[in-house]
J.: 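Encoded as structure tokens, here's the structure I'll be asking about.
First the proteins, then the strands, lettered A, B, ... as listed; each starts at 1. Just so you know, these numbers use all the heavy atoms, side chains as well, and skip hydrogens, waters and symmetry mates.
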There are 2 protein chains.
Amino acid sequence: MREEAPRTVTAICRALEEQIGHGLLAPGSKLPAERKLSELFDTTRITLREALGQLEAQGLIYREERRGWFVSPPRVAYNPLVRSHFHAMVGEQGRVPATDVLSARLQPASADICDVLGLPALSRVIQIRRARRIDGRLVLYVEHYLNPAYFPGILDFDLTRSLTELYASEYGIHYGRVRFDMVPTALQPEAAAALRVAAGSPALRITRINRDQHGRIIDCDLEFWRHDAIHVQVEVPEG
Amino acid sequence: MREEAPRTVTAICRALEEQIGHGLLAPGSKLPAERKLSELFDTTRITLREALGQLEAQGLIYREERRGWFVSPPRVAYNPLVRSHFHAMVGEQGRVPATDVLSARLQPASADICDVLGLPALSRVIQIRRARRIDGRLVLYVEHYLNPAYFPGILDFDLTRSLTELYASEYGIHYGRVRFDMVPTALQPEAAAALRVAAGSPALRITRINRDQHGRIIDCDLEFWRHDAIHVQVEVPEG
DNA sequence: TTCCTCTTTTGGACTAGTCCAGCTCCAGAA
DNA sequence: TTCTGGAGCTGGACTAGTCCAAAAGAGGAA
């Protein structure tokens, strides 16, 4: 009953949306090759790719660099008010978490980091870079910056573990006030490389500034989430 | 000192980023026409548009349907924990808010809405559709769904005002618990039309389920924000 | 079985255009 | 002075390809 002219891109989108919605294409499954699809829909690869790009923006499908297009799995709930950490959060939702440590070292702090952590000029910080997976899929790239004064020797521990737990068990430090800042943006080159996606893919950047039980700023995190991997949930209690 | 091959798209992005970053292109100002730019960078319009698309994904520029590309103004902070409303929030940040009412009526409730508001099957709801601006720019499309039992005659009031204020002053109803759900996605056709942007532009969809001081679910909102218009800020107090 | 190499397939990046519809804006009419 | 019609400009949508590099898979050697 639709009267509107079925422009090709939207027509392709609708067709694929329908297939995915009806479960004919299961989450995680691979779509046919772009050339195949463009043939199937009787159009050019450029047009087809435009349609795929829109579905990617919606979060219905995602791509892996030079590997192909896949149907996005359900999003995981991210609740900033609940004091949790990646492994616990993902596990509680019936999914399988995993962590890769990309690098971990003491290095000169950038001006931004000095500012955020309240360090004097020309300080050093501990930087830990990690990539995290849900059910095997790379979904999160994080850079942690720790004030080295509070965490001597932390680089010698197993950093695939939760830092939250490490802080508690080894240093007696617990999170106090936390400040989140979330902005929808695109993956910057480093993050894109780590997640093995095209630079410029849509993403949600979450910056955390963490204080301990005494109100001291202990570290800050720079998280880049694949935009289709999470939804942020906030339950505000009666004011 | 960069060794990587300067692929055209990223080269264009870098050039424009630099111009914008150094303030040569002021927020709100219009970029030259696509054809002009493609000539300037000595490339095709398709390639040029790909680059513009990436900058759009980053939130640096935005487009107005058939009018051109513009430099994005700074983002406004959105804090779900602070009980505020659009006009107050925008005004406090030194920006100028405005609201257009697109439609307001009593209509049959969809199954989803019945479910969320806890209404019996085949109920009616009050639907209010509004578009909101910051400094003149359309940035937010909202659909409000109110339980009609709590708001008799509300359609006769000036609905460009804040509903929060209307609830308080006319019905003695105040917000209690509120549940937010935010998901990065693309604008659906209705929202895109209202904001006068291409359907499928990146967006942040925020769903709110609002309770009053007695814990009753009084209404729910479906907000579509231009993804480059806000950043979400959450300050979590010591747990 | 394991490892390595070569071939094929696939996505990434780009060129060079066409046709169309909505927006702007200016000139001319009322 | 105000309104309006139309030309020109601008983005939107699409066609029809090419070249390249990385990934996947097949096949053979150790």
Side-chain angles (χ1 to χ4, degrees), chain A residues 3-16 29-57 61-71 137-138 186-187 189 192-201, chain B residues 3-16 29-57 61-71 136-138 186-187 189 192-202:
Chain A
E3 298 288 340
E4 57 188 67
R7 276 181 264 118
T8 313
V9 169
T10 57
I12 297 173
C13 286
R14 271 209 298 276
L16 289 173
S29 64
K30 189 174 182 303
L31 297 185
E34 290 181 0
R35 279 167 244 255
K36 290 265 169 60
L37 283 173
S38 62
E39 205 177 299
L40 178 65
F41 287 108
D42 192 32
T43 184
T44 5
R45 231 176 107 212
I46 295 220
T47 305
L48 190 265
R49 274 167 72 85
E50 175 114 4
L52 293 177
Q54 294 227 358
L55 294 175
E56 181 188 38
I61 62 175
Y62 68 97
R63 63 179 131 177
E64 288 183 22
E65 184 90 349
R66 289 188 183 280
R67 293 203 346 103
W69 295 86
F70 302 82
V71 178
R137 176 187 174 212
L138 283 164
L187 287 177
L195 297 183
R196 290 194 221 123
V197 258
S201 313
Chain B
E3 298 289 339
E4 57 187 69
R7 276 181 266 117
T8 313
V9 169
T10 57
I12 297 173
C13 285
R14 271 209 298 276
L16 288 173
S29 65
K30 188 175 182 303
L31 298 184
E34 290 182 0
R35 279 167 243 257
K36 289 264 170 60
L37 284 173
S38 61
E39 205 177 301
L40 177 65
F41 288 108
D42 193 32
T43 183
T44 2
R45 234 179 103 210
I46 295 220
T47 304
L48 189 267
R49 274 168 72 83
E50 175 115 5
L52 292 177
Q54 295 227 356
L55 295 174
E56 181 188 39
I61 62 175
Y62 68 97
R63 61 179 130 177
E64 287 185 21
E65 184 92 348
R66 285 180 192 287
R67 292 199 353 99
W69 294 87
F70 302 82
V71 178
R137 176 185 174 214
L138 283 163
L187 286 177
L195 298 182
R196 290 195 219 123
V197 257
S201 312

J.: Output the rounded distance in Å from NZ (A:Lys30) to C1' (D:dA23).
T.: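 In whole Å, D:dA23 C1' and A:Lys30 NZ are 10 Å from each other.
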
J.: In whole Å, what is the span from the OH atom of A:Tyr62 to the C1' atom of C:dG11?
T.: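 Checked: the OH to C1' distance equals 16 Å.
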
J.: Please name all residues satisfying salt bridge (charged side-chain N to carboxylate O under 4.0 Å, His left out) with A:Glu34, sequence neighbours left out, ordered by chain then number.
T.: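 So A:Glu34 forms a salt bridge (charged side-chain N to carboxylate O under 4.0 Å, His left out) with A:Arg45, A:Arg49.
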
J.: Can you tell me how far C1' of C:dT10 sits from CG of A:Leu31, to the nearest Å?
T.: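 Distance check: A:Leu31 CG to C:dT10 C1' gives 13 Å.
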
J.: Are any non-hydrogen side-chain atoms of B:Thr8 and B:Asp42 less than 4.5 angstrom apart?
T.: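 Heavy-atom side-chain distance check fails, nothing below 4.5 Å.
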
J.: Listed by chain and number, what are the side-chain contact (heavy atoms from CB on, under 4.5 Å) partners of A:Ala57, not counting sequence neighbours?
T.: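 Residues passing side-chain contact (heavy atoms from CB on, under 4.5 Å) with A:Ala57: B:Ala186.
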
J.: When you compare the protein's N or O atoms with those of nucleotides 21-23 of chain C, which come within less than 3.5 Å of each other, and at what distance?
T.:
unit_1: C:dA21; atom_1: N3; unit_2: B:Arg66; atom_2: NH1; d: 3.1
unit_1: C:dG22; atom_1: O4'; unit_2: B:Arg66; atom_2: NE; d: 3.4

J.: Roughly how far, to the nearest 0.5 Å, is CG of A:Leu31 from CD1 of A:Ile61?
T.: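 Result: 5.5 Å between the selected atoms.
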
J.: To the nearest 0.5 Å, how far apart are OH in B:Tyr62 and CG in B:Leu195?
T.: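 Rounded to the nearest 0.5 Å, the OH-CG separation comes to 12.0 Å.
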
J.: Roughly how many Å is it from CG in A:Leu48 to C1' in C:dG12, rounded to a whole number?
T.: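 Rounded to whole Å, this separation is 14 Å.
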
J.: Indicate yes or no: at least one non-hydrogen side-chain atom of B:Leu55 is less than 4.5 angstrom from one of B:Ile12.
T.: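 Side chain of B:Leu55 against side chain of B:Ile12, heavy atoms only: no contact under 4.5 Å found.
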
J.: Starting from the first five and the last five pairs of the helix from C:dT1-D:dA30 to C:dA30-D:dT1, work out the angle between the resulting helix axes, to 10 degrees.
T.: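 Between the first-five-pair axis and the last-five-pair axis there is 30°.
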
J.: Look for any protein N or O under 3.5 Å of an N or O in nucleotides 4-8 of chain D and output each such pair with its distance, or none.
T.:
none

J.: Once side-chain contact (heavy atoms from CB on, under 4.5 Å) is applied, do any residues pair with A:Ser29, and if so which ones, sequence neighbours excluded?
T.: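 A:Ser29 satisfies side-chain contact (heavy atoms from CB on, under 4.5 Å) with A:Leu25, A:Ala26, A:Val71 only.
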
J.: Take atom CD of B:Glu50 and atom P of C:dG11, then tell me their distance rounded to the nearest Å.
T.: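 The answer, rounded to whole Å, is 15 Å.
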
J.: Say whether, by atom type as modelled, one donor and one acceptor occur between the side chain of A:Glu65 and the main chain of A:Arg196 under 3.5 angstrom.
T.: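 Here the side-chain-to-backbone pair does not exist.
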
J.: Taking side-chain contact (heavy atoms from CB on, under 4.5 Å) as the definition, give me every residue that meets it alongside B:Ala194, ordered by chain and number, with sequence neighbours left out.
T.: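 In terms of side-chain contact (heavy atoms from CB on, under 4.5 Å), with neighbours along the sequence ignored, B:Ala194 is linked to B:Leu102, B:Tyr141.
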
J.: Kindly compute the distance separating CG (A:Leu40) from OG1 (A:Thr43), expressed to the nearest 0.5 Å.
T.: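 One finds 11.0 Å between CG of A:Leu40 and OG1 of A:Thr43.
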
J.: Roughly how many Å is it from CZ in B:Arg49 to C1' in D:dT10, rounded to a whole number?
T.: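 It works out to 10 Å between those atoms.
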
J.: Can you list the residues that meet the salt bridge (charged side-chain N to carboxylate O under 4.0 Å, His left out) rule with B:Glu64, with sequence neighbours excluded?
T.: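 Once residues adjacent in sequence are excluded, the partners of B:Glu64 under the salt bridge (charged side-chain N to carboxylate O under 4.0 Å, His left out) criterion are B:Arg67.
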
J.: List for me each residue that meets ring-ring contact (aromatic ring centres under 6.0 Å, His included) alongside A:Phe41, sequence neighbours excluded, and say none if there are none.
T.: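 Checked A:Phe41 against ring-ring contact (aromatic ring centres under 6.0 Å, His included); zero matches.
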
J.: Can you tell me if B:Arg63 touches the phosphate of D:dG12, counting only side-chain N or O atoms and a distance under 4.0 Å to OP1 or OP2?
T.: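 Result: yes.
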
J.: Can you list everything that forms a side-chain contact (heavy atoms from CB on, under 4.5 Å) with A:Lys30? Sequence neighbours excluded, please.
T.: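 A:Lys30: side-chain contact (heavy atoms from CB on, under 4.5 Å) contacts with A:Phe70.
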
J.: Of all residues at least two apart in sequence or in a different chain, which pass the salt bridge (charged side-chain N to carboxylate O under 4.0 Å, His left out) check with A:Glu50?
T.: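 Result, salt bridge (charged side-chain N to carboxylate O under 4.0 Å, His left out) vs A:Glu50: none returned.
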
J.: For DNA chain C, what residues of residues 32-47 of chain B have any heavy atom nearer than 4.0 Å?
T.: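 Close to the strand are B:Thr43, B:Thr44, B:Ile46, B:Thr47.
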
J.: D:dG11 C1' sits how many Å from B:Glu64 CD, rounded?
T.: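 After rounding, the gap between these two atoms is 12 Å.
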
J.: In whole Å, I'd like the distance from the CD1 atom of A:Ile12 to the P atom of D:dA13.
T.: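 The answer, rounded to whole Å, is 12 Å.
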
